[in-house]
Amino acid sequence: MRRSRLLISLLLAAAAGTVTTAAVPQQRAAAAAPVPLDRVIPAPASVRPAGTAYTLGAGTRIRVPGNSAEARRIGGYLAGLLRPATGYPLPVTTRGGADGIVFRLGGRDARGLGAEGYRLTSGGRAVTISAARPAGLFHGVQTLRQLLPAAVEKGTRQPGPWRIAGGTISDTPRYAYRGAMLDVSRHFFTVGQVKRYIDQLAQYKINTLHLHLSDDQGWRIAIDSWPRLATYGGSTQVGGGPGGHYTKADYREIVRYAASRYLTVVPEIDMPGHTNAALASYAELNCDGQAPPLYTGTKVGFSSLCVPKKTTYDFAEDVIREIAALTPGRYLHIGGDEAHSTSHADYAAFMDKVQPLVAKYGKTVIGWHQLTGARPAKGAVAQYWGYDRTGAPERQQVADAAKNGTRLILSPADRAYLDMKYDKDTPLGLNWAGYVDVRRAYDWDPGGYLAGVPAGAVLGVEAPLWTETLSTSANLEYMAFPRLPGIAELGWSPARTHDWTSYRARLAAQGARWDAQGIHYYRAPEVGWP
Ligand code: TNX
């Protein structure tokens with residue numbers, strides 16, 4: 001307030017010619033200072049400021065030489081991001097040239113950048129993004145976005161100037177798996193809402209969207225061989241609303257859209273617990289042959305598939321086959337958490353039968369870390385969701401599995417669970433794993449998190465968003481922002497860049513971007529928002 005008043009009086013005074021004009025250019029220069037190259041989330045692996053800034057102008061072209069249709073598509077995506085606020089035409093051309101925004105795919109420049117890395121070089125004539133693979137160009141584009149003023153995210157024409165600081169960023173990820181989970185079962189979210197979340201995730205180089213597609217409160221994906229799962233089992237949600245489900249066409253659209261943002265979808269069908277919606281839809285899945293009513297509360301651990309019944313495995317195979325056919329990615333998540341109504345022997349027997357079905361349809365199993373208490377299949381991945389009160393024997397079991405070749409995705413509930421309240425006053429969310437403030441979500445090291453786990457066993461990190469208390473996009477955003485970028489940074493950035501003070505300052509700079517994008521984030525008091 002005070003600052004804008006000062007600016008107005010300065011401008012009025014300048015217009016009236018009553019102050020020396022030297023004060024005005026100085027103000028302008030301060031406003032136009034480009035974003036420093038290291039003010040990016042996730043922190044890039046290497047940053048070398050040098051030389052002069054590049055300035056986007058009305059004549060800037062996006063040059064995508066070579067014959068990669070995918071690189072051209074990413075050029076078009078970048079143009080689509082930049083056109084509304086800049087008002088520039090930003091044509092995408094295959095014509096070579098050393099000026100403008102230049103994409104380079106493959107070749108000598110791209111050596112050492114791997115499957116997802118990129119190099120961004122900015123100078124007076126051009127900003128160049130080099131990568132070995134299109135994924136790297138896409139991630140480089142996300143960095144480029146953050147190097148422009150926050151106003152570039154607005155949907156209407158803004159004054160600029162649009163400068164990108166001079167220098168070079170070379171960047172590759174620490175972990176191959178950088179995930180976010182969305183629970184579409186407790187509350188259903190439409191294809192449009194999922195796409196909105198995908199766009200938010202892509203900005204922080206998250207490359208996996210895990211969809212929790214079934215639980216006690218709702219079955220959310222059409223299965224042709226068991227149609228009532230979706231039509232009846234998907235007909236409600238927590239609190240008793242109408243629920244909903246994805247048709248196969250809807251689901252393919254989510255998978256396609258995610259892929260266009262370099263995210264792979266990991267579908268989860270949670271078994272043998274968390275299955276009330278399925279048990280309610282088909283009486284024959286129950287040991288007593290009686291279908292329970294649909295469930296709209298928030299208790300966990302009360303349902304189980306009937307482990308001794310043959311029908312259970314016909315069901316599991318049909319579902320796995322149909323879901324595998326919709327899944328271009330390598331992983332299929334079979335849940336396996338909180339099976340409190342399944343005996344341990346039954347749980348292990350169930351997993352012995354179901355894991356081979358996943359392999360039969362060409363996919364690799366992911367299960368919640370309780371799977372390590374059974375017999376994880378060769379190559380299986382366990383998702384750790386323990387927290388500070390998780391007992392030593394349970395941690396040991398996970399560490400032992402890791403030593404035996406089970407790879408881990410880390411989602412510690414008291415760090416990475418986006419549905420935990422920030423503090424006691426948070427109006428949404430749960431608190432069974434405690435409060436997770438912004439610093440707590442960021443300030444841990446996936447590499448050293450679980451004692452006895454070989455560093456190479458960690459596949460990556462994932463931030464789950466359970467939705468017992470969340471029913472709108474604004475709710476999701478309030479819980480995910482500003483914590484999600486911290487988990488994204490743990491997944492991407494080298495451990496040596498880890499530093500709360502630096503992260504906090506970089507996070508504060510994201511607020512104006514979220515304002516411009518209409519993201520309903522929580523203005524956490526620990527972050528020194530400008
Ligand atoms: C535990 S973590 C669950 C979910 C709940 C969540 C709420 C895990 C694998 N299971 O069923 O939604 O807590 O925070």
Side-chain angles (χ1 to χ4, degrees), residues 179-189 210-220 237-239 243 266-279 295-305 331-342 347 351 365-374 376 380-391 394-395 397-398 408-422 426-436 440-441 450 461-471 475-476 478-480 483-484 487:
M181 188 208 81
L182 182 61
D183 170 10
V184 296
S185 178
R186 272 52 177 273
H187 280 97
F188 181 65
F189 293 87
H210 166 187
L211 285 176
H212 186 76
L213 291 168
S214 72
D215 211 301
D216 293 317
Q217 297 86 346
W219 186 286
R220 305 301 180 202
Q237 61 187 359
V238 168
V266 172
E268 178 188 355
I269 298 298
D270 199 349
M271 304 180 279
H274 290 278
T275 42
N276 189 77
L279 297 168
Y295 181 70
T296 61
T298 60
K299 283 197 285 246
V300 299
F302 62 88
S303 57
S304 180
L305 292 171
Y331 297 115
L332 200 154
H333 202 308
I334 55 171
D337 57 318
E338 298 173 319
H340 305 320
S341 301
T342 319
Y347 180 87
M351 289 303 178
V365 166
I366 304 180
W368 295 104
H369 77 254
Q370 279 72 18
L371 180 63
T372 62
V381 176
Q383 184 168 8
Y384 181 75
W385 61 281
Y387 61 123
D388 52 0
R389 273 173 285 167
T390 297
E394 193 169 332
R395 289 168 190 260
Q397 200 168 69
V398 174
L408 302 181
I409 296 164
L410 297 180
S411 303
D414 56 349
R415 302 283 187 174
Y417 268 33
L418 299 175
D419 66 316
M420 290 299 123
K421 290 176 183 288
Y422 294 93
T426 308
L428 302 166
L430 305 174
N431 64 0
W432 61 263
Y435 300 119
V436 180
R440 195 168 168 77
L450 273 178
V461 293
E462 183 176 294
L465 187 43
W466 301 99
T467 60
E468 284 94 333
T469 65
L470 315 174
S471 59
N475 289 171
L476 300 181
Y478 187 84
M479 301 308 278
R483 290 181 293 195
L484 172 89
I487 305 300

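Order of appearance sets the numbers: ligands from 1, and atoms from 1 within every ligand.
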Closest protein heavy atom to atom 11 (O) of ligand 1, given as residue, atom name and distance to 0.1 Å: Arg186 NH2, 2.9 Å
Step-by-step side-chain hydrogen bond (donor to acceptor under 3.5 Å, both in side chains) determination, Glu268 to His212: CA-CA 5 Å; Glu268 178 188 355; His212 186 76; 2.7 Å; yes
Parallel, tilted or perpendicular, as decided by the 30° and 60° cut-offs, for the rings of Trp385 and Trp368: perpendicular
Centroid-centroid under 6.0 Å between Phe302 and Tyr295 rings: yes
Distance filter under 4.0 Å to Asp419 heavy atoms, resulting ligand 1 atoms: 7 (C), 14 (O)
Shortest protein contact, atom 10 (N) of ligand 1 (heavy atom only): Asp337 OD2, 2.8 Å
CA sep, side-chain torsions, deciding dist, call: Gln383, His210, side-chain contact (heavy atoms from CB on, under 4.5 Å): CA-CA 11 Å; Gln383 184 168 8; His210 166 187; 3.5 Å; yes
Which of the ligand 1 atoms, numbered from 1, are nearer than 4.0 Å to a heavy atom of Glu338: 1 (C), 3 (C), 4 (C), 10 (N), 11 (O)
Test of proximity, Glu468 against ligand 1: N or O pairs below 3.5 Å: yes
Atoms of ligand 1, numbered as shown, that sit under 4.0 Å from any heavy atom of Met420: 14 (O)
Check against side-chain contact (heavy atoms from CB on, under 4.5 Å), Leu470 and Tyr478: CA-CA 10 Å; Leu470 315 174; Tyr478 187 84; over 6 Å; no
Atoms in ligand 1 flagged as close to Leu430, the criterion being non-hydrogen separation under 4.0 Å: 7 (C), 14 (O)
Any Gln383 heavy atom less than 4.0 Å to ligand 1: no
Pairwise side-chain contact, Arg186 with Thr298, heavy-atom cut-off 4.5 Å (strictly under): no
Contacting atoms of ligand 1, where contact means under 4.0 angstrom from a heavy atom of Trp432: 1 (C), 7 (C), 13 (O), 14 (O)
Close side-chain approach of Gln370 to Met351, heavy-atom, < 4.5 Å: no
Distance from atom 2 (S) of ligand 1 to nearest protein heavy atom, with residue and atom: Tyr417 OH, 2.4 Å
